[in-house]
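Structure, as C-alpha cells:
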Amino acid sequence: MRGETPHHFFVAFGQKYLTEPHPDVAWVTPDGVIAIDAETYQEAREIAIKWFGPHWSMLYDAESFTYRFWPLGVIGTATATTLEKKRVLK
C-alpha cells in the first residue's frame with residue numbers, strides 16, 4: 001500500500017565499471033549497490049532503467065540480497081523521482 005515504508009531492492013553493476021566510467025552515472029561502481037525504493041520488482045526495474053539505462057547487471061529484492069559481495073555497501077538511493085549519492089567511507 002502506498003504511504004507505507006517502501007520495499008527495498010538493490011541494483012548491482014558489472015565489473016567493467018571498475019576500469020571504465022558508467023555511461024549514465026559517473027559515481028557508480030561494482031563495489032557498491034544502489035538501494036531502490038519501490039513497491040514491486042517491476043517498479044524497481046523501471047526505476048533502474050530510468051537512471052542507469054541498460055547499464056546494470058542484477059536487481060535483488062531485500063530478501064535475497066547479501067552485502068558480502070559489495071564492500072562499499074549502499075552507495076546511493078533511487079526512487080522514481082530522485083537519485084542520490086551517499087557518502088561512502090573506504
Side-chain angles (χ1 to χ4, degrees):
M1 173 192 280
R2 293 281 178 200
E4 295 179 5
T5 303
H7 298 86
H8 283 283
F9 296 86
F10 300 91
V11 65
F13 302 90
Q15 290 297 307
K16 73 179 188 176
Y17 299 120
L18 279 175
T19 58
E20 66 183 70
H22 189 277
D24 299 307
V25 181
W27 49 268
V28 161
T29 172
D31 287 340
V33 294
I34 305 294
I36 295 180
D37 290 336
E39 293 289 329
T40 65
Y41 185 90
Q42 182 60 34
E43 182 183 359
R45 185 176 183 283
E46 290 168 5
I47 290 169
I49 291 168
K50 174 181 180 173
W51 296 113
F52 309 111
H55 311 288
W56 51 279
S57 63
M58 295 293 294
L59 181 62
Y60 300 93
D61 61 23
E63 293 79 30
S64 62
F65 181 75
T66 177
Y67 284 95
R68 77 181 223 211
F69 299 114
W70 294 275
L72 296 179
V74 175
I75 59 171
T77 58
T79 69
T81 58
T82 62
L83 175 63
E84 296 181 0
K85 180 181 179 183
K86 288 181 67 177
R87 182 170 178 225
V88 176
L89 303 175
K90 287 189 178 183

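Any value given below was found using the heavy atoms of this structure, including those in side chains, with hydrogens, waters and symmetry copies removed.
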Mind listing the side-chain donor-acceptor pairs of residues 23-35 below 3.5 Å, one per line with the distance, residues two or more places apart or on another chain?
| unit_1 | atom_1 | unit_2 | atom_2 | d |
| --- | --- | --- | --- | --- |
| Thr29 | OG1 | Asp31 | N | 3.2 |

Value for CD1 (Ile36) from NE2 (His8), rounded to nearest 0.5 Å, stands at 11.0 Å
Nearest 0.5 angstrom please: Leu83 CG to Ile47 CD1, how far? 10.5 Å
Name all residues meeting the side-chain hydrogen bond (donor to acceptor under 3.5 Å, both in side chains) criterion together with Glu84; count only those two or more places apart in sequence or in a different chain, and write none if there are none. none
For Ala38 and Ala44 the tightest heavy-atom approach is CB-N, 3.6 Å
Listed once per pair and sorted, the side-chain hydrogen bond (donor to acceptor under 3.5 Å, both in side chains) pairs that draw on residues 54-74, sequence neighbours left out: Asp61-Ser64
With sequence neighbours left out, what residues match Phe9 under ring-ring contact (aromatic ring centres under 6.0 Å, His included)? none
Locate the shortest heavy-atom distance separating Glu43 from Glu39; write the atom from each residue and the value. OE1-N, 2.9 Å
For Thr81 versus Lys50, what's the shortest heavy-atom pair and its separation? CA-NZ, 4.2 Å
Rounded to the nearest 0.5 Å, what separates atom OG1 in Thr77 from atom NZ in Lys86? 7.5 Å
